[in-house]
Amino acid sequence: MATTITAAAVTALALFLLIPLSTGPITAVALVFLMALAGFTVNPVVTALAVRFAGDASTLTSALTTSAYNTGIATGSALAAAALNSSLGLTGPRLVDTVSAALTLLPLITLAPTGTRNSTRIVARRTTPGRVPGDTTTSVSSQH
């Protein structure tokens, strides 16, 4: 969960810094690279977390997270276009992106304390010491 929060925060910061620093080509390219590097790490980590908590519905969960990303891209593009046509002008899309990335932090920080709960499962446990029929190991530990 720390990776996801850090990547989302770096993405929001890079997008925020693009507002005042995008006038120079070197800083603009460096910030876009940083934003892309941090932003593209969030999707696979969030998908993996969602699948981990999905239980038997991992395929559905993976499909829904991908759909959510695509919906977010479409919605963000529409909002950025509306902001571009507003009085904000060229600053509008960057401001929409910054607010969107910052809003991503809210559910991540809210879910962070529950992220490690129930992280281990015991699938099977041997209750009696000794050899099990078909066990080919040569030594059996007496510790449980």
Side-chain angles (χ1 to χ4, degrees), residues 1-129 132-137 139-141 143-144:
M1 190 61 85
T3 301
T4 307
I5 292 171
T6 303
V10 169
T11 302
L13 180 64
L15 288 167
F16 177 72
L17 290 174
L18 268 172
I19 295 171
L21 299 176
S22 63
T23 56
I26 294 174
T27 56
V29 169
L31 287 170
V32 167
F33 178 76
L34 177 64
M35 181 268 312
L37 183 68
F40 288 129
T41 61
V42 174
N43 293 357
V45 173
V46 169
T47 301
L49 283 171
V51 168
R52 186 176 84 184
F53 291 113
D56 293 336
S58 60
T59 304
L60 177 63
T61 302
S62 179
L64 287 175
T65 55
T66 303
S67 296
Y69 299 140
N70 289 326
T71 302
I73 290 168
T75 304
S77 297
L79 291 173
L84 183 62
N85 290 327
S86 74
S87 62
L88 294 171
L90 293 175
T91 306
R94 289 179 244 144
L95 190 58
V96 167
D97 293 342
T98 302
V99 170
S100 297
L103 287 175
T104 302
L105 290 169
L106 294 177
L108 292 175
I109 292 171
T110 303
L111 292 173
T114 63
T116 57
R117 198 179 312 159
N118 298 329
S119 61
T120 59
R121 289 187 337 187
I122 297 174
V123 177
R125 184 184 333 175
R126 184 184 300 175
T127 58
T128 59
V132 174
D135 188 3
T136 58
T137 59
S139 65
V140 176
S141 173
Q143 296 177 349
H144 297 284

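Model, not experiment: these values are computed from the prediction. All values below come from the heavy atoms of this structure, side chains included, with hydrogens, waters and symmetry mates left out. Sequence positions, counted from 1, serve as the residue numbers for this chain.
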Report task. Identify the residue among V96, L103, D97 that makes a side-chain contact (heavy atoms from CB on, under 4.5 Å) with V99. Result -> L103
Report summary line: Which of L34, T27, V32, T91 passes side-chain contact (heavy atoms from CB on, under 4.5 Å) with L18? Answer is V32
Quick one: side-chain contact (heavy atoms from CB on, under 4.5 Å) partners of [X], sequence neighbours excluded?
| X | value |
| --- | --- |
| A9 | L105 |
| S58 | V51 |
| L90 | L84, R94 |

Report summary line: Shortest non-hydrogen pair, T104 vs P107, comes out as O-CD, 3.3 Å
Requested in this report: Mind listing the closest non-hydrogen atom pair of P93 and A83 along with its distance?
Outcome: N-CB, 4.1 Å
What's the separation between atom [atom1] in [X] and atom [atom2] in [Y], rounded to the nearest 0.5 Å?
| X | Y | atom1 | atom2 | answer |
| --- | --- | --- | --- | --- |
| L88 | I19 | CG | CD1 | 9.5 Å |
| I5 | I109 | CD1 | CD1 | 5.5 Å |
| F16 | T11 | CZ | OG1 | 15.0 Å |
| L60 | L64 | CG | CG | 4.5 Å |
| I73 | S100 | CD1 | OG | 12.0 Å |

Ignoring hydrogens and geometry, is there a side-chain-to-backbone donor-acceptor pair from [X] to [Y] under 3.5 Å?
| X | Y | result |
| --- | --- | --- |
| T47 | P44 | no |
| T65 | S62 | yes |
| T75 | G72 | no |
| T98 | A12 | no |

Is it true that, when you exclude [X] itself, more than 12 heavy atoms of the residues, nucleotides or ligands shown sit nearer than 6.0 Å to its [atom1]?
| X | atom1 | answer |
| --- | --- | --- |
| N70 | CG | yes |
| I26 | CD1 | no |
| Y69 | OH | yes |

Query raised in the report: Looking at side-chain heavy atoms only, is the closest gap between L31 and S22 below 4.5 Å?
Result: no
Query raised in the report: F53 versus T61: any side-chain heavy-atom pair under 4.5 Å?
Result: no
